[in-house]
Protein chains: 2
Amino acid sequence: MDRRIKKNQSAIMNALMQLIAEKEFEKITINDIAERADVNRGTVYSHYADKYDLLDKCIEAQLAHLMECCYSPETTGPFPSKITLLRTVKEIENNAPLFQSLLSIKDVSSFRVHLSKMIHMQIVEQMNEHKISLDDLGKSIFAQFMSSAIVGVIEWWFTPSMTCSAEELTERLWSILEVNWMTLLSPQA
Amino acid sequence: MDRRIKKNQSAIMNALMQLIAEKEFEKITINDIAERADVNRGTVYSHYADKYDLLDKCIEAQLAHLMECCYSPETTGPFPSKITLLRTVKEIENNAPLFQSLLSIKDVSSFRVHLSKMIHMQIVEQMNEHKISLDDLGKSIFAQFMSSAIVGVIEWWFTPSMTCSAEELTERLWSILEVNWMTLLSPQA
DNA sequence: CCGGTTTTGTCGGTTTTTCAACAAACGATA
DNA sequence: TATCGTTTGTTGAAAAACCGACAAAACCGG
């Protein structure tokens, strides 16, 4: 891909990320974005249909990045470990204001949906790798159950009193996940 | 100025700065620079005749930056103060590897010459602001004397054993400068 | 509800950058 | 010395970004 495209797209996306962490999405104008990205306004339109399209691409990229940096090659084993979970939670913590803002955007096919879908997919994938005695419907329901739950916990984590440390959250969450996964693996489930 | 020009020029200059702090100037190729700047090789040539031209512009920019950030508006008084000197020395210290490399480039109309000229000009300017009982020749010689001395001290500061702290250097240097300046101000000099 | 201001999305002409290719000069190695 | 690989500096055509201007839409205060 052309250097200019790559650079400008990343500049534009970063600009929106920054702005989102600063003020309400609806208050952000294309001008703000172009200005922050140090790019002509027309350039924004040449890559994205509008604010919402850009937001979508940003969310996708952000989630891809999250996956990349948390589930990268050196993940020990095919199985999501506690350490991986901690790494993920910490990464979310590090970008707390951004994630919080993304989660609070309503008008758009929301970040929560994207996040949930991604987790859903991950879970289905995991289930397919380990032979689970469950039909497709069962897998889908289980995945939906788990992904909703996890996203819910993350959302809760960001509510006013984010009293819980990343380590503590990981600990508690892991113990719940472990139970679910184990009962799933045992054939008599 | 066109956004693209500004951005690419600064990317190219920064690239050279980085590389200079890393390896010998003569070993640096235009390719290295373009690559580091994430810019097409042709773009480098469109702005600079060659390596040496680029280096020259870099030096100028670097010195302009040094002036900018050390002698900016809030400089207390028209007279270079001890605090200003300390700020300058610290700024040099912060970019030690870069300055060291710049000082060690020989083949080109060297950094030392640029630096010396700049200081020379500053001193002449200062002398003109305070009415000094000295003819132009006297001023030139004094400025040359001082600028050479100062540059020499800076060079010395970077020799293998940079044992002296920025604060200490400032302290010692200031006491010397003070004497010179004072004797210059007193009419019987 | 109106009038002024801001934002949006689009357009066309111009400038810059990109990319790939080139010949010439250089440097090292056999 | 001949040769291979690299670096240099230049070119031309294509792609992208720039800028300024535009009408339409949306927003806001009186």
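Convention: sequence-line order gives letters A, B, ...; per-chain numbering from 1. In what follows, every heavy atom counts, from backbone to side chain, and hydrogens, waters and symmetry copies are set aside.
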> Restricting to pairs with a member in residues 166-184 of chain B, which pass salt bridge (charged side-chain N to carboxylate O under 4.0 Å, His left out), not counting sequence neighbours?
Replying inline: Lys82(B)-Glu171(B), Lys90(B)-Glu167(B), Glu168(B)-Arg172(B)
>> Starting from Leu137(A) and following side-chain heavy-atom contacts under 4.5 Å between hydrophobic residues (I, L, V, M, F, W, Y), which residues can be reached?
In response: Ile141(A)
> Given atom NZ of Lys6(B) and atom P of dT15(C), what is their separation to the nearest angstrom?
Replying inline: 18 Å
>> Apply side-chain contact (heavy atoms from CB on, under 4.5 Å) to residues Asn14(A) and Ser10(A) and explain how you reach the verdict.
In response: CA-CA 6 Å; Asn14(A) 284 334; Ser10(A) 105; 4.1 Å; yes
>> Going by side-chain contact (heavy atoms from CB on, under 4.5 Å), name the residues that satisfy it together with Glu35(A), two or more places apart in sequence or in a different chain.
In response: none
> In whole Å, what is the span from the OH atom of Tyr48(A) to the P atom of dT8(C)?
Replying inline: 16 Å
> Minimum heavy-atom separation for Ser81(B) to Thr84(B), with atom names?
Replying inline: OG-OG1, 2.8 Å
>> Checking Asp32(B) now: which residues fulfil side-chain hydrogen bond (donor to acceptor under 3.5 Å, both in side chains) with it, not counting sequence neighbours?
In response: Lys23(B), Thr29(B)
Polar-atom pairs under 3.5 Å, protein N or O versus N or O of nucleotides 25-28 of chain C: list them with distances, or write none.
none

> Which residue pairs pass the salt bridge (charged side-chain N to carboxylate O under 4.0 Å, His left out) test with at least one member in residues 55-65 of chain A, sequence neighbours excluded?
Replying inline: Asp53(A)-Lys57(A)
> Going by number, which of residues 33-46 of chain B have a non-hydrogen atom under 4.0 Å from DNA chain C?
Replying inline: Val39(B), Asn40(B), Arg41(B), Thr43(B), Ser46(B)
>> Looking at His47(A), I'd like to know whether one of its side-chain N or O atoms comes within less than 4.0 Å of OP1 or OP2 on dA17(D).
In response: yes
>> Less than 4.5 Å apart, side chain to side chain, heavy atoms only: is that true for His120(A) and Val151(A)?
In response: no
>> At a heavy-atom distance below 4.0 Å, what parts of residues 7-17 of chain B sit against DNA chain D?
In response: none
> For the pair made of OH in Tyr52(B) and P in dG9(D), what is the distance, rounded to whole Å?
Replying inline: 9 Å
> Choosing from dA16(D), dT7(C), dT17(C), which nucleotide comes nearest the side chain of Thr29(A)?
Replying inline: dT7(C)
>> Over all strands shown, is Arg3(A) touching base, sugar-phosphate only, or nothing at heavy-atom distances under 4.0 angstrom?
In response: sugar-phosphate
> Mind checking what makes side-chain hydrogen bond (donor to acceptor under 3.5 Å, both in side chains) contact with Ser148(B), not counting sequence neighbours?
Replying inline: Gln144(B)
>> Could you work out how much the helix from dG4(C)-dC27(D) to dA30(C)-dT1(D) bends, comparing the axis of its first five pairs with that of its last five, to 10°?
In response: 40°
> Under 4.5 Å between any side-chain heavy atoms of Leu177(A) and Met146(A), yes or no?
Replying inline: yes
>> Can you measure Leu19(B) atom CG to dT7(D) atom P for me and round it to whole angstrom units?
In response: 13 Å
>> With hydrogens left out and only the distance checked, is there a donor-acceptor pair under 3.5 Å joining Arg4(B)'s side chain and the base of dA17(D)?
In response: yes
> Mind checking whether Phe158(B) and Phe99(B) have parallel, tilted or perpendicular rings, split at 30° and 60°?
Replying inline: parallel
> When the nearest nucleotide of DNA chain C is assigned to Ile30(A) and to Met1(A) on a heavy-atom basis, which residue is associated with the more 5' position?
Replying inline: Ile30(A)
>> Can you pull out every salt bridge (charged side-chain N to carboxylate O under 4.0 Å, His left out) where at least one residue sits in residues 136-155 of chain A? Sequence neighbours excluded, please.
In response: Arg112(A)-Glu155(A)
> Taking for each residue the nucleotide of DNA chain D with the nearest heavy atom, is it Lys27(A) or Asp2(A) whose nucleotide lies nearer the 5' end?
Replying inline: Asp2(A)
> Other than Met1(B), what residues sit in its cluster of Ile, Leu, Val, Met, Phe, Trp and Tyr side chains whose heavy atoms are under 4.5 Å apart, directly or through others?
Replying inline: Ile5(B)
> Do Thr43(B) and Ser46(B) have side-chain atoms, one donor and one acceptor, less than 3.5 Å apart?
Replying inline: no
